[in-house]
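Notes to accompany the following structure.
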Amino acid sequence: MAQFNMEDHPHKRLNVLTGEWVLVSPHRAKRPWQGQVEKTSEEVRPEYDPKCYLCPGNERIGGHMNPQYNEPFVFVNDFSALLKDTPEGGVDEELFQAKSESGICKVICFSPRHDLTVPEMEVSEIKKVVDLWTSEYKSIGENDFVNYVQIFENKGSVMGCSNPHPHGQIWSNSTVPNEPAKKQVKMKEYFDKKGKSLLADYVAAELEKKERVLFENEHFVGLVPYWAVWPFEAMIVSKRHVTNLTELTEEEKEAFAAAYKELTVMYDNLFEVSFPYSAGIHQAPTDGEEHPEWHLHMSFYPPLLRSATVKKFMVGYEMLGTPQRDITAETSAKRLRDLSKVHYKHR
Ligand code: H2U
């Protein structure tokens, strides 16, 4: 029998951050595609759209007016999924459990410009988004009832994003949500055992292997994680072991902004389309405890697979069994790494 190698043979890989496995089937990457093909429509947007509820000076759906902002602007979500004054209570039967949950939800407009996206913004403008994330993480986290602050960006209509104006969201609540909770368990196990950050060790190992690294600057690394599930999944990780945004120096925040831009330019250049994704920052809970196990990082989950129109669906075996991918993380990383660093619209 032939010797096992990860470029040709089906295998599973462990996500050491969550403890979950992904099935990789590299031999299938060559099969003919008979899936869905959608039409692309690269719309040209105006700098200001009088009908956009996120543009400066416009009225939002709830009747609030946006100020004439010219830097990143944050407001409480008019349709917040979590509310401050939720009465305490729940259901505590063995088979029927419920708990009331309080929180605060906000929306952040990244830029006053309706026509921009992160990869098209200047690093200095993105740095202001990082600054606002930092101050919001701190101020929202200072509420006694807030123990986790989830910052995220949902980009593209294919991801259910309701408005192309560049924006993200912050949902915060009293308990740690499922995804960071899984990571917390694994980071803590590692930290308790080794007295070191799991992600610091992981990034150092990836920088040595180089196969999945997309880019690095002085303070951050962009890479396709070994355990990636989505075809072009990626992570931005701080080189220094910091547990949350407030520990970053000004220079590191600038480097984070530069990495955010560098990755999203790669994404846009891959299929020469404004690349959709859900991305978010995972960092220490704001529960007043020390969390030396935590290591700040941002994860990107883009749905596109083969072209601007062909996306991956997490269905079938993936819903019922284990997530699966065909193209390996190494191949994806190489494809992204080999692209021009200049945004396709600016070439
Ligand atoms: P998405 O495009 O990712 O769905 O985010 C837009 C958010 O903006 C969404 O959560 C909020 C929606 O509740 N929103 C307002 O707060 N006010 C509005 O006038 C429209 C949308």
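Both ligands and their constituent atoms are indexed starting at 1 by order of listing. Note that the coordinates shown come from a computational prediction; the quantities given were computed from them, not determined experimentally. Note that these values count all heavy atoms, side chains included, but never hydrogens, waters or copies made by symmetry.
Aromatic ring centroids of Phe73 and Phe75 lie under 6.0 Å apart.
Taking the six-membered ring where the residue is Trp, Tyr260 and Phe110 present perpendicular rings, their angle passing 60° and hence far from 30°. Using cut-offs of 30° and 60° on the angle between ring planes, the pair Phe256 and Trp133 is tilted. Ring geometry, Phe232 versus Phe275: the interplanar angle exceeds 60°, so the pair is classed perpendicular (tilted spans 30 to 60°).
Within 4.0 Å of ligand 1, heavy atoms belong to protein residues Tyr53, Arg60, Ile61, Phe75, Asn77, Asp78, Phe79, Val107, Asn154, Cys161, Ser162, Asn163, His167, Gln169.
Taken from OG in Ser278 to CD in Glu153, the straight-line distance is 8.5 Å, to the nearest 0.5 Å.
Both Val130 and Leu296 belong to a single network of hydrophobic side chains, linked directly or stepwise wherever heavy atoms of I, L, V, M, F, W or Y lie under 4.5 Å apart.
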